Novice: 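Pasting a structure below so you can have a look.
Remember, it's a predicted structure, so these values are computed and weren't measured experimentally.
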Amino acid sequence: MIEIDIRLRRPGFTLEAAFTAPEAGVTALFGRSGAGKTTIIQAVAGVVRPDAGRIVVKGEVYFDAAARIDLSIERRRVGYVFQDSRLFPHLSVESNLRYGERRSRLSHKPIGFAAVVDLLGIGHLLGRRPHTLSGGERQRVAIGRALLSQPRLLLMDEPLAALDEARKAEILPYLERLRDGMGLPILYVSHAVDEVLRLADVVVALRDGRPLAIGPVADVMSRPEILPVIGRFDVGTLLECVVSRHDGDYALSTLTFAGGELRVPQVAMPIGSAVRARVRARDVALALARPEGVSVSNLLAARIEAVRQQEGPYADIELVVGETRLAATVTRESVDRLTLRPGLAVWAMVKSVAVESRSPDFGGPG
Amino acid sequence: MIEIDIRLRRPGFTLEAAFTAPEAGVTALFGRSGAGKTTIIQAVAGVVRPDAGRIVVKGEVYFDAAARIDLSIERRRVGYVFQDSRLFPHLSVESNLRYGERRSRLSHKPIGFAAVVDLLGIGHLLGRRPHTLSGGERQRVAIGRALLSQPRLLLMDEPLAALDEARKAEILPYLERLRDGMGLPILYVSHAVDEVLRLADVVVALRDGRPLAIGPVADVMSRPEILPVIGRFDVGTLLECVVSRHDGDYALSTLTFAGGELRVPQVAMPIGSAVRARVRARDVALALARPEGVSVSNLLAARIEAVRQQEGPYADIELVVGETRLAATVTRESVDRLTLRPGLAVWAMVKSVAVESRSPDFGGPG
Amino acid sequence: MDVLLTPDEWTAVYLSLKVAFWATFWSLPFAILTAWLLARTRFPGKGLFDGLIYLPLVLPKVVVGYILLLTLGARGFIGQYLDAWFGIKLIFSTAGATVAAAVVSFPLTVNAIRLALEAVDRGLETAARTLGASRLDVFISITLPLMLPGVLSGALLAIASALGEFGATITFVSNVEGKTRTIPLAIYSATHMPDGDAMALRLTVVSIVLAFGSLLLASLVDRRIRVLIGRT
Amino acid sequence: MDVLLTPDEWTAVYLSLKVAFWATFWSLPFAILTAWLLARTRFPGKGLFDGLIYLPLVLPKVVVGYILLLTLGARGFIGQYLDAWFGIKLIFSTAGATVAAAVVSFPLTVNAIRLALEAVDRGLETAARTLGASRLDVFISITLPLMLPGVLSGALLAIASALGEFGATITFVSNVEGKTRTIPLAIYSATHMPDGDAMALRLTVVSIVLAFGSLLLASLVDRRIRVLIGRT
Amino acid sequence: FATARAEEAPTVFAAASLTNAFQDIGKLYKDETGKDVTFSFAASSALAKQLEAGAPAAIFVSADTKWMDYTENRDLTLKATRVTPIGNSLVLIMPADKAKDVTIDKSFDWLAFLGTDGKIATGLTDSVPIGVYAKTALTNLGQWDKVRERVVGAESVRAALALVERGEATAGIVYSTDAAIAKNVKIVATFPADSHPPVEYPFELVKGQDTPAAKALLAFLVGPQAKAVYAKYGFLVK
Ligand SMILES: Nc1ncnc2c1ncn2[C@@H]1O[C@H](COP(=O)(O)OP(=O)(O)OP(=O)(O)O)[C@@H](O)[C@H]1O
Ligand SMILES: Nc1ncnc2c1ncn2[C@@H]1O[C@H](COP(=O)(O)OP(=O)(O)OP(=O)(O)O)[C@@H](O)[C@H]1O
Ligand SMILES: [Mg+2]
Ligand SMILES: [Mg+2]
């Protein structure tokens, strides 16, 4: 369990944040620019001292204003990927990477040099000096350096913002493996909803230094009050599923959830594994009768629970599929044309589904 | 017209880039980390001197190795938003913003201070020093500073990477207005496909210092060779349309393109305006017969031109709608189930459409 | 105040301050220029130039004074023209003492400013140029403010070493009361007088007070600058 | 080589180098420590401490030498214990000349190092600590390498001013042949001999050669360091 | 820029060892004539070189004949105006608490006198006049080679005196005038007059500055009132 409960005042800005993050999982700090994300991470790292409060990580008290405890930065053993990369200019890329590794007192280093270098694609840069690196290269080295310090807790401040999609697509699964395989807790700042949804177990949405919403990612990301932060197009539903079948010929897998089945691109997990599937509201279309001869492979029998007209062209539809709620976004025009209303039985056409590699076991939010 | 034709060698890296960018439009530099995007921008700004070649902007020769011309940085009048923000630490935010503005010799300053401050939401920061700003705040000030220098050419190196979606959503339309209203050419580096598709007229896709593809955004972004860079989910089609009808009640507009009509969220443009609509391949589903009673409002009669099976679960379908090509992605399973094949008449269901505010008039790529 | 120091001593103190101030004042722009040349440019003979700058430090001050005498004295190969053309005689004059102090403190000033200059992020200078500032403008609006702590530190060193300068001064402009007899020269004279010990001690204390005074001033200014440039 | 200099002069050259080297060598760690205390810590009496550091610069060197005599001489209030407890006699010895040179150059060294230290990005130090490095480790592995140009510059100033030091040396340890007669003393003597011009000139040239030598060395090392820390 | 003008008070270049005497005489002169005198006290060598560089001093008073010869030979001072009104004698001093009277002659055992580690402080033996005299005297006494490593040369006679006053040096060779005004030291012997050339302070007018005012001043500096002051400070008045 990671407990954070801190207060910190600056001219024109007050941070007052209390939340609990799972001991082995990713906690995303979400919020607009200037909301206090970096400040929280700095407090956990010991770089900034809160005025009051407590920070406890895995049972170890990092900071406790009342008990006058303030563990020194180096003894906190956090791997901090800074918003600016902060590579040591006088050391080669390799020496930068080794800096923390050498100083880690673990005899067995679970995070290996070769693996990290390979993952980040920085093998050809090892002999270079930081000032000859491009922005993205620098950021990758910074990530590697933090990982190799064999941290007990990873603090990542927009680590992937400077990277291309393809590189992100390589690094994200690795972070997932770290999270799952090593029980490494991660505090993660990102503006990219995709990343947060994919990685996070708990989301702390901040506004003006105060948590706006804290909770499991599925909960928080669908709350209307955080729409201004994530943008409306990314509203969706997270479904907890079990892998029930693989279809090798078509490279598809079937997932079962409380209420139906979804066919998704093959997931590399054994049958019976728990996975999380994410359905964006705008990827769900509705039909009054079961559509035939359509390429959409997921057709779910559903019932409309609620129809919320919005400003602009859209309406939010809340569906129930078996026992599961599912959000859909359609135009208001469609609502009228099809006379969609609560209680109506419809078919939900789900064109695409994003699947996360595991089911979360939340550390309950504080 | 902006002509760039430069060669530059560094240990382990050679840049060899020749392309022409439209005089009033956005040219996106696209490519993986280390591909040479920043280097090109630096060469245009005069910060880095190419070994050979020419750079001509709007008829003014910035650099010509053969003619020994190398215009000094300050006389190039570029607004450069650096990958790192580079605010002046000894000046207040306001003085940073005014720095370039004061030095601009234009008597009429088309880009106004109040407007920029408002757009970027930095009014409350004006009296602050840069070191008290958060990462995103810093980046916004840097954007403002570059804009206020009343540049003849805007160079933006991942300007929005550190910003939240909501802020991006505010800034992007402003950049569009700059591009359209003021004929301000922009060289734009970004990893975000959305941004590029939305803003860019011409895309230069780079790999290892060499252009991989150069051309109108619609062309380049759908070429298979750049898939590794943009990630497959973002393949799509750009349709050149004209606004033909507004439906105020439902906040929808109808766009006409060569082959049909699309209903989209209302666009704030008069009837007859040229706009560009983007349809992602994965947002297109196919039906053998015209589906009735579905919430999808865009149903287009189409014919299958080609079916390309891919590795993994997907197949690329090339459709023709009237005279227009449209890409769709469906599962291979659907291809077999519906026996999709070239020549087959189908209905394309387009659930969502992103609309750009104007039709491009390309400066032809070199 | 006469309780503390004799009028002669006050004269020496006043003269020292005057010499230190003007020596620093006049040499500062040259020191900044020199530091800039050394830190930001390349030109043939730069190594030699660099070496020349440090000479006054390496040579015994008496030799420095002697060289000044040979060049700027009334018969010196520059001094004779100063006299003939401008009527400037440096010997016996406060101006000469100022020149001696300036020459001796010059390397220290240059060094401090140069270190500060080298620490200024060139990326910021580049950024300023993209915003339309000329090289000179960039220097004045960006580089100079950012290196102010170094300039201040250089000025402080210059003032301090000007206050303590003895050898070059006495060799170049002699030891004339009210004109060239600064505190160190007064202390020298005092040690040649029977009752001079008390005077020497008094003047030493004055030196120390002056040093602390200028330091205090410098650190106040420094703190303000640091707050301004955000390096608190 | 005797063509160029007399054996006595060679002795003076050798002695000067020895004194300058050891003065710098021994004062450098203290200078670094002092610079660190001034740049990175706060403690009561810091202003006073800061002032004390600059004193040897402000005071006439002869006074500095006299103060050394009063404190570190065989009868001095520290010197007597040095003698009684450790058998160290500084007065009239090369060791004493080294101490004098070190004291006089100390403020210059500290100032150069301090400026360099203040220019080191504290964000890098913080980053190193998050990677598990203790304060001391950070200082050695990050701060020190990054401030090396300043340390080098400080050492160069120290060597230069030690090579040129005269007043404090002669006052404190006097001129004992082969023990404390450094080049400046020899030059001083030469300039006070009616026929000493030739000798003074020769020794001045030697000083200049030594200065350029150390500068050259310093700039070579500096370039290497700059390449290493990427500040080319 | 301030410039030295000819009609200003004449400047006297004087060896530093004359500081106190000349300051007194300067006051007497002002009382007598109402005119100011400007003094510049420095090492004779420095003053001579300044004259060579064109310093507009009116009178040069050197602490030894060599530097006066130097300026004469270069036609800087007027040989014809040379007067040598005062001299000095060379004495051996010791800290008052350790003082024991001795007699200096060729047989005097300097090493025994100094003990194992003892030092004799004087001026720099090749340049500072007192040091040069001391070296000559010791050489003439046939002792130089034995004691040369015990001789410490200070930058001025005053510095040598300080070393003895502080007890850092066992003994010192200084002028009798210095010994007279020093605290805590005692003269333990006087060097035989024939062991060294006479210690003399020659005065000369500077060429081109031999104005009536300068001549009058020189006359005053060697006149009876001045001589009384010299005597008061222990100079040998001729
Ligand atoms: N001084 C240098 N010496 C050697 N190689 C260099 C130097 N500077 C840059 N490079 C290399 O040049 C290549 C291009 O760098 P550039 O900064 O243009 O990349 P980029 O496309 O902007 O990447 P990113 O998206 O990561 O910012 C990189 O591989 C980089 O490592
Ligand atoms: N020294 C300071 N003085 C005053 N305000 C400060 C200071 N440092 C930070 N702030 C303010 O504290 C707030 C929180 O900053 P923080 O860096 O935590 O934001 P953030 O959420 O990380 O934003 P971003 O996404 O832009 O990086 C910001 O409004 C910032 O302006
Ligand atoms: Mg931040
Ligand atoms: Mg880049």
Side-chain angles (χ1 to χ4, degrees), chain C residues 8 15 18 22 26 60 62-63 65-77 79-80 82-83 86-99 166-181 185-197 199-200, chain E residues 1-6 8-9 11-24 26 36-43 45-57 60 63 74 76 127 154-159 161-162 165 177-184 208 232-234:
Chain C
D8 283 5
L15 197 68
K18 188 167 145 186
W22 287 111
W26 287 112
V62 173
V63 174
Y66 192 51
I67 293 173
L68 286 176
L69 196 60
L70 290 182
T71 50
L72 298 178
R75 307 229 177 115
F77 66 90
Q80 56 184 293
L82 281 182
D83 191 358
F86 309 104
I88 296 174
K89 285 205 182 70
L90 291 177
I91 190 152
F92 296 160
S93 74
T94 309
T98 308
V99 168
F166 168 73
T169 309
I170 198 168
T171 311
F172 178 35
V173 292
S174 215
N175 175 13
V176 178
E177 194 182 332
K179 295 245 179 80
T180 67
R181 185 179 295 173
L185 272 69
I187 293 178
Y188 171 82
S189 289
T191 59
H192 286 88
M193 296 201 284
D195 52 351
D197 282 1
M199 181 174 170
Chain E
F1 279 84
T3 55
R5 275 161 296 142
E8 280 185 354
T11 302
V12 177
F13 267 8
S17 48
L18 291 162
T19 306
N20 35 43
F22 273 13
Q23 287 201 327
D24 287 2
D36 283 316
V37 197
T38 306
F39 291 104
S40 177
F41 300 110
S45 54
L47 298 169
K49 298 241 164 92
Q50 285 163 9
L51 287 175
E52 193 175 5
F60 179 35
R74 282 164 179 71
L76 300 166
S127 52
E155 163 264 344
S156 69
V157 65
R158 302 296 310 209
L161 199 57
E165 278 177 349
T177 47
D178 297 301
I181 57 169
K183 282 155 259 160
N184 306 326
K232 183 180 118 197
Y233 284 107

Novice: Is R181(C) close to S189(C) at the side-chain level, that is, under 4.5 Å between some pair of heavy atoms?
Specialist: yes
Novice: Contact part of S156(E) toward chain C, heavy-atom cut-off under 4.5 Å: side chain, backbone, both or neither?
Specialist: side chain
Novice: Restricting to ring-ring contact (aromatic ring centres under 6.0 Å, His included), what partner residues turn up for F39(E), sequence neighbours left out?
Specialist: F22(E), F41(E)
Novice: Sequence neighbours excluded, which residues qualify as ring-ring contact (aromatic ring centres under 6.0 Å, His included) partners of F172(C)?
Specialist: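 Once residues adjacent in sequence are excluded, F172(C) has no partner under the ring-ring contact (aromatic ring centres under 6.0 Å, His included) criterion.
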Novice: With a 4.5 angstrom heavy-atom cut-off, is it the side chain or the backbone of L161(E) that approaches chain C, or both, or neither?
Specialist: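 For L161(E), neither part sits under 4.5 Å from chain C.
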Novice: Highest number of heavy-atom pairs under 4.5 Å with chain C: which of V157(E), N20(E), T38(E), D178(E)?
Specialist: N20(E)
Novice: In terms of relative ring orientation, are F92(C) and F13(E) parallel, tilted or perpendicular, with 30° and 60° separating the classes?
Specialist: perpendicular
Novice: Using heavy-atom distances under 4.5 Å, tell me whether S17(E) contacts chain C through its side chain, its backbone, both, or neither.
Specialist: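 Looking at S17(E), just its backbone touches chain C.
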